[in-house]
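Small disclaimer: the values here were computed from a predicted structure and weren't measured.
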Amino acid sequence: MDFPLETVRRKFPALDLIDKGRRRIYLDNPAGTQVPQAVADAVARCLLTTNANLGGYFETTVAAQKVVDDAHAAMADFLGAASAEEIIIGANMTTLTYHVSRTLGRRFKPGDEIIVTRMDHEGNVSPWLQLAEDLDLVVRFLPFDETSWQVEETALSALLTDKTKLVALNYASNLTGSINRVKALTALAKQAGALVYVDAVQFAPHGLIDVQELGCDFLVCSAYKFFGPHMGILWGRRDVIDALNPYKCRCSSNGLPERFELGTPQIELMAGLTAAVDYFADLGAAAGESGSRRRKIAKAFEVSIAHENPLALRLIEGLSDIEGLTIRGITDPKRVSERVPTVSFTVDGIVPETIVRQLNAENIFLWSGHNYAWEIVHQLGIPAEQGVVRIGIAHYNSAAEIDETLESVHRVVAMLRQQRS
């Protein structure tokens, strides 16, 4: 079926906003997507009708517990988890990673080794570096290949030893857009006896995740990157997390996942999280899938990918026409399935922020900078204080928006060059 773009766009009120007569073009999606009306409604409904803490016997507290349970069940379906007890919900990906890293640190000893990649968001690097500093662990950096733009299995194999206790890697880059072969990389790490911690924040809005098939031990993502509220979700393999002793209050529950979820939960945001997952399921149903929620979610990604990939290729082709512009990522049309539709570039002699400021003034929303891809810009020799121009597509974007953005980039680059001459 054709992607129902207009139907999808009508579900997102923010797409209709006008500023001083200018429409908005949201291409800042790698930093956070807009939300459908159903997500906002769910948050408001929870605050107005089920606003209570957990653990009591009156109506609102019982209803609030159902909101919490529903959110865990929804994310189990979204990630392909074996049980809702494997789903840990918290403030954001970085906070969850710091929490889990400290918990895992109780199992490590001086001289143990951790592998982190030069492709990851800093939220999956700094927690492990600082843990290593605290515990006298050895950190090994895994570079990405600047031809394939992916982490290669041979490079990982060269770093693995019998002392490797954990490999932290990402599913897709928030700067280059490249998708790693997580299943193959995980298999290598597991053969060496290491735990595998996967950052799927940038992949989750653009592809179906199956944690059981991947074989990793932990996987983390952020709801606000896939049309939900600001919160993070971590999946942990049951046998792994059941053996962990996290930092927590002495009198709080030892059950799963409660012992990893510190303090009072963000109950209203959990209501929005369920609504975000159900948004995908509704899209899958509209595309003809009548099976389980998981199958509907899978169908939603199938039709979304078929819409997003041509937009990404349209953007890449249009940018490639600009002399002196370098796209930092996969550009081969035959490899479009190996990237998410996040496209970053630099232009010779022009500071990225100057381009972005001009486009922002035209109400085209996108970002410049390193975007916390700290290791990537250093490996590529890009000044960290400048970074790149980043354009990120979501499935509510249109071909017309891409064309208008390309016209603006061409015009702005030409103008800035003329000002320099």
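Arg390 has its side chain within reach of Pro30: a pair of non-hydrogen atoms, C-beta onward, lies under 4.5 Å apart. Taking the side chain as every heavy atom from C-beta outward, Arg118 and Leu142 never approach each other to under 4.5 Å. Here the side chains of Lys165 and Leu195 are not in contact, with every heavy-atom distance at 4.5 Å or above. Looking at Thr186 and Leu188, their side chains never come closer than 4.5 Å, going by heavy atoms from C-beta outward. In this structure the side chain of Pro246 reaches within 4.5 angstrom of the side chain of Arg259, judged on heavy atoms.
When all heavy atoms of Arg237 and Asp239 are compared, the pair lying nearest together is CG-OD1, 3.0 Å. Nearest heavy atom pair, residue Ser126 against residue Glu122, reads OG-OE2, 2.6 Å. The two atoms that bring Ile241 and Phe218 nearest to each other are CG2-CE2, 3.7 Å, heavy atoms only. Closest approach of Leu27 to Thr405, counting heavy atoms only: CD1-OG1, 3.2 Å. Considering every non-hydrogen atom in both Ile330 and Glu338, the closest pair reads CD1-O, 3.6 Å.
A side-chain donor-acceptor contact under 3.5 Å links Thr346 and Arg328.
In this structure, CD1 on Ile87 lies 9.5 Å from CD on Glu261, to the nearest 0.5 angstrom. Distance CE/Met270 to OG1/Thr50: 12.0 Å, rounded to 0.5 Å. The NE2 atom of His206 sits 9.5 Å away from atom NZ of Lys225, with the distance rounded to the nearest 0.5 Å. Atoms CD1 and OG, on Ile355 and Ser368 in that order, are 9.0 Å from each other to the nearest 0.5 Å. Atom CD of Glu362 is separated from atom CG of Asp19 by 13.5 Å, given to the nearest 0.5 angstrom. A distance of 6.5 Å separates CZ of Phe108 from CH2 of Trp128, quoted to the nearest 0.5 Å.
Other residues, nucleotides and ligands contribute over 12 non-hydrogen atoms within 6.0 Å of the CD atom of Glu146. By the 6.0 Å contact criterion, CZ on Arg24 is enclosed, its count of non-hydrogen atoms from other residues, nucleotides or ligands being greater than 12. For CD of Glu153, the number of neighbouring non-hydrogen atoms (other residues, nucleotides, ligands) closer than 6.0 Å is greater than 12. More than 12 heavy atoms of other shown residues, nucleotides or ligands fall within 6.0 angstrom of atom NZ in Lys248. Heavy-atom neighbours of Lys190 NZ from other residues, nucleotides or ligands within 6.0 Å: above the threshold of 12. Annotation: Phe345, atom CZ; neighbour count of heavy atoms from other residues, nucleotides and ligands within 6.0 Å is above 12.
Considering only residues two or more places apart in sequence or on other chains, Thr33 meets the side-chain hydrogen bond (donor to acceptor under 3.5 Å, both in side chains) condition with none of them.
The pair Arg293-Asp77 counts as a salt bridge, with a side-chain nitrogen and a carboxylate oxygen less than 4.0 angstrom apart.
Shown are Phe78, Phe226, Phe12; of these, the ring pair (Phe, Tyr, Trp, His ring centres under 6.0 Å) with Tyr279 is made only by Phe12.
Classification of the His99-Phe260 ring pair by plane angle, with boundaries at 30° and 60°, yields perpendicular.
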Are Asn397 and Asn29 close enough, and set up right, to give a side chain to side chain donor-acceptor pair (under 3.5 Å), and what steps lead you there?
CA-CA 10 Å; Asn397 289 122; Asn29 299 298; 3.2 Å; yes
